[in-house]
Peer 1: 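After the structure tokens below, expect a handful of questions from me.
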Amino acid sequence: MDIRLIVEEVAASYGARDVFAEVSVELCAGETMVVSGQNGSGKSTFLRLLAGLQRADAGQITYLVGNEAFDPRDAGHLIGWVAPDLMLYRDLTARENLRFFAAVRRISLDDQAIDEVLARVGLAGRSDDRLAAYSSGMTQRMRYAYALIHQPPVLLLDEPTVTLDERGAEVVDTVIKAQRRHGIVVIATNDPRELRYGDLVLEFGGT
Amino acid sequence: MAGHSSTEQDPGLTLTTQQPVAQQRIVDLLQAAWAVFVKDLRIELRTRYAINAMVLFAACTAMMVSIGTTFIGLRRTEEALLIQASLLWIALLFAAISGLSRGFVHEEETRTLAALRLAAPALAVYLGKFLLNLALLALLGLITSLLFIVLVRVQVGSPLAFLGMLAAGGLSLATSTTILAAIITRASFKNALFAVLAFPLLVPPLIIAIQGTAATLAEGGWLPALPALQFLIAYSVAMFVASLLLFRFVWEA
């Protein structure tokens, strides 16, 4: 997909405290940006702005698909978001969660497709367990399943391997490499090993 | 992605019919709203957060009222009917408030709002939550009324008109409480805001519902309750339309 992410002089603050200001960057399909910085530097906030879950105090973020421009708040269909504060429905099974999110996204997703998505993130055989019974690592894998079901051209990963074991990290590696072939990846991380993914590294300052 | 199924080239991501775009969008919106409703109902049936609170509250109120005021149910004066109707709607209101906000509050407490916001159209979320509140209120209205009839010995003079009034009153409560719950969930000062918003939104339709219900407890048929019924339906429509217009701003705040 011909997609571009354009960030123009974006600023964010919490009350009187400025988190970051005048951030400008542009990404095209096939590019990966790593956002790094110490705790509290605004990496997660930046990703929330890109996901349209929070408003920027200044500046503008635009997704361009061909000639069509989307504000992040209207770009849910373009975005897959994985973050520690992304929670799914603990009282539903993995299959019910994915079926629900597919339904509200108006995607036709049969049981076989759900099984394939879950197998891809290493949750094969656990599709009918409630998420309440999942470990933190399995919950993180489930977040990937949620983020990938609609094949988004933009993948926003906040601390992508947090709570994951080695196999889980391999799953993330596979997902990022696959995404880079046709879309945009933005990774917010403190892990120096994940800097290798970045065609571009955006370094945020401290508090 | 393998396994997506549909009728066109890129399965899963394309529409399956040739309907006009606007019509298809409405169908998509309604189907997404239905998915939200089914999801919430499934969670509610598993956890019973709202149903337990509402039924418990309704049963306790009916029981307490029945202990001291059973004699009211036996009287057929205008004042006695008004008191019976007031007690019924007080029980309904507080039981409803104890449960109806759960739809949005539960999403906030379990931190699932972000996942929902990213995936679902705002209007679909509103409509799904509204449908659930309506279903819960219908159930609550029936249970509370039966409890009052049995325990408080309320006699319903015009049963059909009474049911109509319950439905119209329930509709106005559902429209008000759904948008109220959404606003409160997204607000920083929840308790203060709830008091400020709930009073003007809930009291007018409740006063009318009490007057209308009192009229249906007498044996006058539909006619005496008709003005109240008309008001409640008009109020519900106005509140519903206002909610549809406002909800996106509340949801994205």
Peer 1: Under a 4.5 Å cutoff for heavy-atom pairs, which residue among B/Ala120, B/Ala32, B/Ala115 has the most contacts with chain A?
Peer 2: B/Ala115

Peer 1: Taking the side chain as every heavy atom from C-beta outward, state whether A/Met87 and B/Thr110 have any atom pair closer than 4.5 Å.
Peer 2: no

Peer 1: Using the salt bridge (Lys or Arg N to Asp or Glu O under 4.0 Å) rule, collect all pairs that involve residues 171-190 of chain A, keeping only residues at least two apart or in two chains.
Peer 2: A/Asp173-A/Lys177, A/Asp173-A/Arg196, A/Arg180-A/Asp199

Peer 1: Enter the distance from A/Leu131:CG to B/Thr112:OG1 here, rounded to the nearest 0.5 Å.
Peer 2: 11.0 Å

Peer 1: For A/Asp85, is it the side chain, the backbone, both, or neither that has a heavy atom closer than 4.5 Å to a heavy atom of chain B?
Peer 2: both

Peer 1: Checking A/Tyr89 against chain B: side chain, backbone, both or neither under 4.5 Å from a heavy atom?
Peer 2: both

Peer 1: So which heavy atom on A/Tyr146 is nearest to which on B/Leu118, and how close?
Peer 2: OH-CB, 3.5 Å

Peer 1: If we only count heavy atoms from C-beta on, is the B/Glu252 to A/Leu53 side-chain gap below 4.5 Å?
Peer 2: no

Peer 1: Enumerate the residue pairs fulfilling side chain to side chain donor-acceptor pair (under 3.5 Å) with a member in residues 129-138 of chain A, sequence neighbours excluded, ordered by first and then second residue.
Peer 2: A/Arg126-A/Asp129

Peer 1: In this structure, are over 12 heavy atoms from other groups packed under 6.0 Å from B/Phe94 atom CZ?
Peer 2: no

Peer 1: Select, from A/Arg90, A/Glu96, A/Arg99, the one with the greatest count of heavy-atom pairs under 4.5 Å involving chain B.
Peer 2: A/Glu96

Peer 1: Taking salt bridge (Lys or Arg N to Asp or Glu O under 4.0 Å) as the cut-off, I'd like each qualifying pair that reaches into residues 24-34 of chain A, sequence neighbours left out, listed once.
Peer 2: A/Arg4-A/Glu26

Peer 1: CG/A/Leu88 to CZ/B/Arg111 distance, rounded to the nearest 0.5 angstrom?
Peer 2: 11.5 Å

Peer 1: With a strict 4.5 Å heavy-atom criterion, list every residue of residues 34-47 of chain B that contacts chain A, or say none.
Peer 2: B/Ala35, B/Val36, B/Lys39, B/Arg42, B/Ile43, B/Arg46, B/Thr47

Peer 1: Is A/Arg55 in contact with chain B via its backbone, its side chain, both, or neither, using a 4.5 Å heavy-atom distance?
Peer 2: side chain

Peer 1: Side chain, backbone, both or neither: which part of B/Leu113 has a non-hydrogen atom closer than 4.5 Å to chain A?
Peer 2: neither

